[in-house]
Participant: 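Next up is a structure, given as structure tokens.
Chain identifiers are assigned alphabetically (A, B, ...) following the order of the sequence lines, protein sequences preceding nucleic acid strands; residue numbering begins at 1 within each chain.
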Protein chains: 2
Amino acid sequence: MRESKTSRPPRAIDVAAAAGVSTATVSRAFNAPEKVLPEVRDKIFAVAAELGWLPNAAGAALASRRTWLAGVLIPTLDHDVFAAQVNALQARLSASGITVLIGCSNYDLDEAAEQVKVMLARGIEALAVVGELQRPELFEMISARGVPYVVMYSHSPQSAHPCVGFDNQAAFSKLTRYLLDLGHRNFAVIHQPSLDNDRVLARLSGIRAALASEGLALRPQHVFEGPATFEFGRESLRKCIDSAGPRPTAIICGNDTLAIGALIEARAMGMDVPGSLSITGFDDLPIAEFTSPPLTTMRVDNVAIGKAAADYLLTRLSQQAIVPREAFEAELIVRGSTGPTGE
Amino acid sequence: MRESKTSRPPRAIDVAAAAGVSTATVSRAFNAPEKVLPEVRDKIFAVAAELGWLPNAAGAALASRRTWLAGVLIPTLDHDVFAAQVNALQARLSASGITVLIGCSNYDLDEAAEQVKVMLARGIEALAVVGELQRPELFEMISARGVPYVVMYSHSPQSAHPCVGFDNQAAFSKLTRYLLDLGHRNFAVIHQPSLDNDRVLARLSGIRAALASEGLALRPQHVFEGPATFEFGRESLRKCIDSAGPRPTAIICGNDTLAIGALIEARAMGMDVPGSLSITGFDDLPIAEFTSPPLTTMRVDNVAIGKAAADYLLTRLSQQAIVPREAFEAELIVRGSTGPTGE
DNA sequence: GGACGTAATGTAAGCGCATACATGCTGGCC
DNA sequence: GGCCAGCATGTATGCGCTTACATTACGTCC
């Protein structure tokens, strides 16, 4: 491990010289140990450790045409849902010797395409991307290079892409159905920005579809779109309650953060939840269990999705077989924030 | 962008041929545009786009001896604090054309050293690492290669490493001091696993130091170490209250999750917070403002830390000047979960 | 005992680029 | 008008590794 700060890092040829072998043998000792005599191998390992040699990945990639790199493209790391998926995916791929490049698009499609371009230049051999609503050139680029990919988190039956996720539309239809069955007929929705976001769009259409099956619809003044923060949830709840006309008895929120914000504000306004107002979330954040009342929400196993996406890519990397797409289901978690209409 | 799936990706020489120039000019068009005649440059760009050529990073790295890669080593992405730091750091470095490799150690020092080894093999030119409690070989490896690094998140005055973070010990001393000034004399602590974790260790010693200055100490039965979950917070609070002997009037928690767990349980047990029990957290999670009562906690600007770490590395990368270490301060946020002792 | 298979290692080419150096060309200046 | 500066581009080498192929040594089998 000795090596002066000024000199360049040792190369395979240095190890070879010190061990009295050729660079080919050094390479084999690390990449195909069984092809090298145990004593020679041990000598090489000892010398490499002594010199602090690490095989230069760029050289290896160039010569072997393998980078052992994969990419994952998500909107942001600043969201438990994506962080959990990436964490699981990375753990899995890392165990197979694959380094993962994480790209964040910040919900910007052009940025997403740009990130993929950078990743491809780096030589990723597989890619997982959140959301299937992307610039067409994004999929074109990876297809042109024959890089296997998978769409994570969302899963729509008619999707043109392999995907590992759940059906956002079906999930919100189920949730809405649950509320309809409770007797609710007046709904409000508080949701995240929908621009370029297929998950949010699918959720909204799931709600509308379920309502339509009962001949119901959302009033424009009862749909609130804004940042996924507690504050926006609170503010929207207030506007919703204060607005003229028939007051909603059920509020469907795009995620738990918005729902908890709404819940907090409803309680602050002295409203009876679920007596006179039902509120639902999505994600089942750990805190959802502990709000008062506990939040009715839906749970998705993000760790499983990350693992499944990794497994899918690993399979595609090792063989040509087409693996069936994997559908997860969002599970409805009924807690205390929802109940029958008071009427 | 045409290119069959079977053929290998185009190379610079293909672009050169199609544009009627040499590979040197293609390289210059992308890396030193001002050295190429505008019309030639445009032709090259057009051809490159047409062919879908992306410069192979491995080849570029080998030839230029620059990888434009940096690494960041964190315990896990599954924690808002680290995710926020990484997100900010990555955004900053990405804007400078640097790709960041994210390594997660899962709080395991050997795994951390292994990750750094992999990163060095990939050719990272800079490294940010959370926590200064690491295997010595970790720092030896990066020093041997002359790779600039910075310790993120923690910052202790006597540290041997450049660091961008705050003084965990001082922060918890300040917090404890605040409670002491409120009249508290009986304390309990609920904290995360301290093994190999300098942040947690420093926090504990900050608490003990402040108490010692008043001749006080923590009773072993009032110190709870376990996973940073709501559940462990609840469970510990219950044990704490049910335990024999003098009951603590203030509970210092290692982070907000534990504190909120404790708060929930205290309220469930019918205790008056802060009337008969004060509870503090750390991190100032968004939800901390909305618990009942709102949680007294401490805030650290993780986004700023991530940015500052990136800036430090960027500076070290561009010049040799030693940049002074940057000290952040944890800000005390007094809310409703703390108050004077009831006595 | 000689031919041959096999295992261990060496030799050398080349992966896709960047860049030092060479070349050619234009224009300005005395 | 000749010379030279300076610009645009080309030529060719090598970055550090892997791997096809060559070589060597050895054991085996008839």
Side-chain angles (χ1 to χ4, degrees), chain A residues 3 7-45 47-48 51-69 97 118 120-125 145, chain B residues 3 7-45 47-48 51-69 97 118 120-125 145:
Chain A
E3 181 189 340
S7 76
R8 296 208 322 227
R11 294 156 305 162
I13 200 173
D14 300 321
V15 174
V21 297
S22 71
T23 59
T25 302
V26 171
S27 175
R28 278 188 288 255
F30 283 84
N31 302 319
E34 76 284 357
K35 293 188 181 174
V36 177
L37 244 33
E39 63 227 58
V40 176
R41 199 196 304 155
D42 293 345
K43 170 75 176 166
I44 291 172
F45 289 162
V47 166
L51 261 42
W53 178 72
L54 295 175
N56 178 308
L62 214 45
S64 68
R65 302 159 162 291
R66 294 281 274 127
T67 58
W68 298 94
L69 234 36
V118 170
L120 285 172
R122 295 245 173 226
I124 54 164
E125 302 178 325
R145 290 173 180 248
Chain B
E3 179 190 341
S7 78
R8 296 210 319 230
R11 294 156 306 163
I13 200 172
D14 301 321
V15 174
V21 298
S22 71
T23 58
T25 301
V26 171
S27 175
R28 277 188 289 255
F30 283 84
N31 301 320
E34 76 286 357
K35 292 189 182 173
V36 178
L37 245 31
E39 63 229 58
V40 177
R41 199 196 303 155
D42 292 344
K43 171 75 176 165
I44 291 172
F45 289 164
V47 167
L51 261 43
W53 178 72
L54 295 175
N56 178 308
L62 216 44
S64 68
R65 301 158 160 293
R66 294 280 273 127
T67 58
W68 299 95
L69 235 35
V118 170
L120 285 172
R122 295 246 173 224
I124 54 164
E125 303 178 326
R145 288 170 182 250

Participant: Taking 5' to 3' order, which nucleotide of DNA chain D is first and which is last to have an atom within less than 4.0 Å of a heavy atom in chain B?
Facilitator: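 Both ends considered, the range comes out as dA8(D) to dG16(D).
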Participant: Quick one: closest heavy-atom pair of I44(A) and A19(A), and the distance?
Facilitator: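 That closest heavy-atom pairing would be CG1-CB, 4.1 Å.
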Participant: Treating primed atoms plus P, OP1 and OP2 as sugar-phosphate and everything else as base, which nucleotides of nucleotides 4-12 of chain C get B, S or - for protein heavy atoms under 4.0 Å?
Facilitator: ----SBBB-
Participant: Per the salt bridge (charged side-chain N to carboxylate O under 4.0 Å, His left out) rule, what does the pair list look like for residues 14-25 of chain A, sequence neighbours excluded?
Facilitator: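 Listed by first then second residue: R11(A)-D14(A).
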Participant: For W68(A), which residues count as a ring pair (Phe, Tyr, Trp, His ring centres under 6.0 Å) partner, sequence neighbours excluded?
Facilitator: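 Scan of W68(A) (ring pair (Phe, Tyr, Trp, His ring centres under 6.0 Å), adjacent residues dropped) gives none.
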Participant: Output the distance between atom CD1 (I124(B)) and atom CZ (R145(B)), rounded to the nearest 0.5 Å.
Facilitator: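 Separation between the atoms: 10.0 Å.
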Participant: Closest heavy-atom contact between L51(B) and P10(B)?
Facilitator: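 Heavy atoms of L51(B) and P10(B) come nearest at O-CG, 3.5 Å.
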Participant: For A18(A) versus V47(A), what's the shortest heavy-atom pair and its separation?
Facilitator: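 Taking every non-hydrogen atom into account, CB-CG1, 3.5 Å.
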Participant: My understanding is that only residues two or more places apart in sequence, or in another chain, count here; which of them pass salt bridge (charged side-chain N to carboxylate O under 4.0 Å, His left out) with R41(A)?
Facilitator: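 Expected list: none.
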Participant: Which residue pairs pass the salt bridge (charged side-chain N to carboxylate O under 4.0 Å, His left out) test when at least one of the two sits in residues 56-68 of chain B, sequence neighbours left out?
Facilitator: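 As it turns out, the salt bridge (charged side-chain N to carboxylate O under 4.0 Å, His left out) pairs with a partner in residues 56-68 of chain B, which skip direct neighbours, are R66(B)-E125(B).
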Participant: Listing request: all salt bridge (charged side-chain N to carboxylate O under 4.0 Å, His left out) pairs with a residue in residues 55-64 of chain B, at least two apart in sequence or in separate chains.
Facilitator: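 Passing the test, one end in residues 55-64 of chain B: no pairs.
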Participant: What does the inter-axis angle of the helix from dG1(C)-dC30(D) to dC30(C)-dG1(D) come out as, five pairs per end, nearest 10 degrees?
Facilitator: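 Angle reported: 50°, given to the nearest ten degrees.
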Participant: For residues N56(A) and L62(B), determine if any side-chain heavy atom of one lies less than 4.5 Å from a side-chain heavy atom of the other.
Facilitator: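 Yes, at least one pair of side-chain atoms sits under 4.5 Å.
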Participant: Does I13(B), at its CD1 atom, have more than 12 non-hydrogen atoms belonging to other residues, nucleotides or ligands within less than 6.0 Å?
Facilitator: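 Atom CD1 in I13(B) is not packed in, count stays at 12 or less.
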Participant: If you look only at pairs with a residue in residues 9-30 of chain B, which of them pass as a ring-ring contact (aromatic ring centres under 6.0 Å, His included), with sequence neighbours excluded?
Facilitator: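 Every pair satisfying ring-ring contact (aromatic ring centres under 6.0 Å, His included) with a residue in residues 9-30 of chain B: F30(B)-F45(B), F30(B)-W53(B).
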Participant: Going by heavy atoms closer than 4.0 Å, what residues in residues 54-68 of chain B are next to DNA chain C?
Facilitator: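 Contacting residues: L54(B), P55(B), N56(B), G59(B), A60(B), L62(B), A63(B), S64(B).
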Participant: Identify the two heavy atoms, one from A61(A) and one from T67(A), that lie closest to each other, and give their separation to 0.1 Å.
Facilitator: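 Smallest interatomic distance, heavy atoms only, reads CB-CG2, 4.0 Å.
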Participant: Base contacts versus sugar-phosphate-only contacts with protein, heavy atoms under 4.0 Å: please encode nucleotides 23-28 of chain C as B, S and - from 5' to 3'.
Facilitator: ------
Participant: Can you pull out every side-chain hydrogen bond (donor to acceptor under 3.5 Å, both in side chains) where at least one residue sits in residues 26-40 of chain B? Sequence neighbours excluded, please.
Facilitator: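 Listed once each, the pairs are S27(B)-N31(B).
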Participant: Mind listing the closest non-hydrogen atom pair of S22(A) and A16(A) along with its distance?
Facilitator: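 So the minimum-distance heavy-atom pair works out to C-CB, 3.6 Å.
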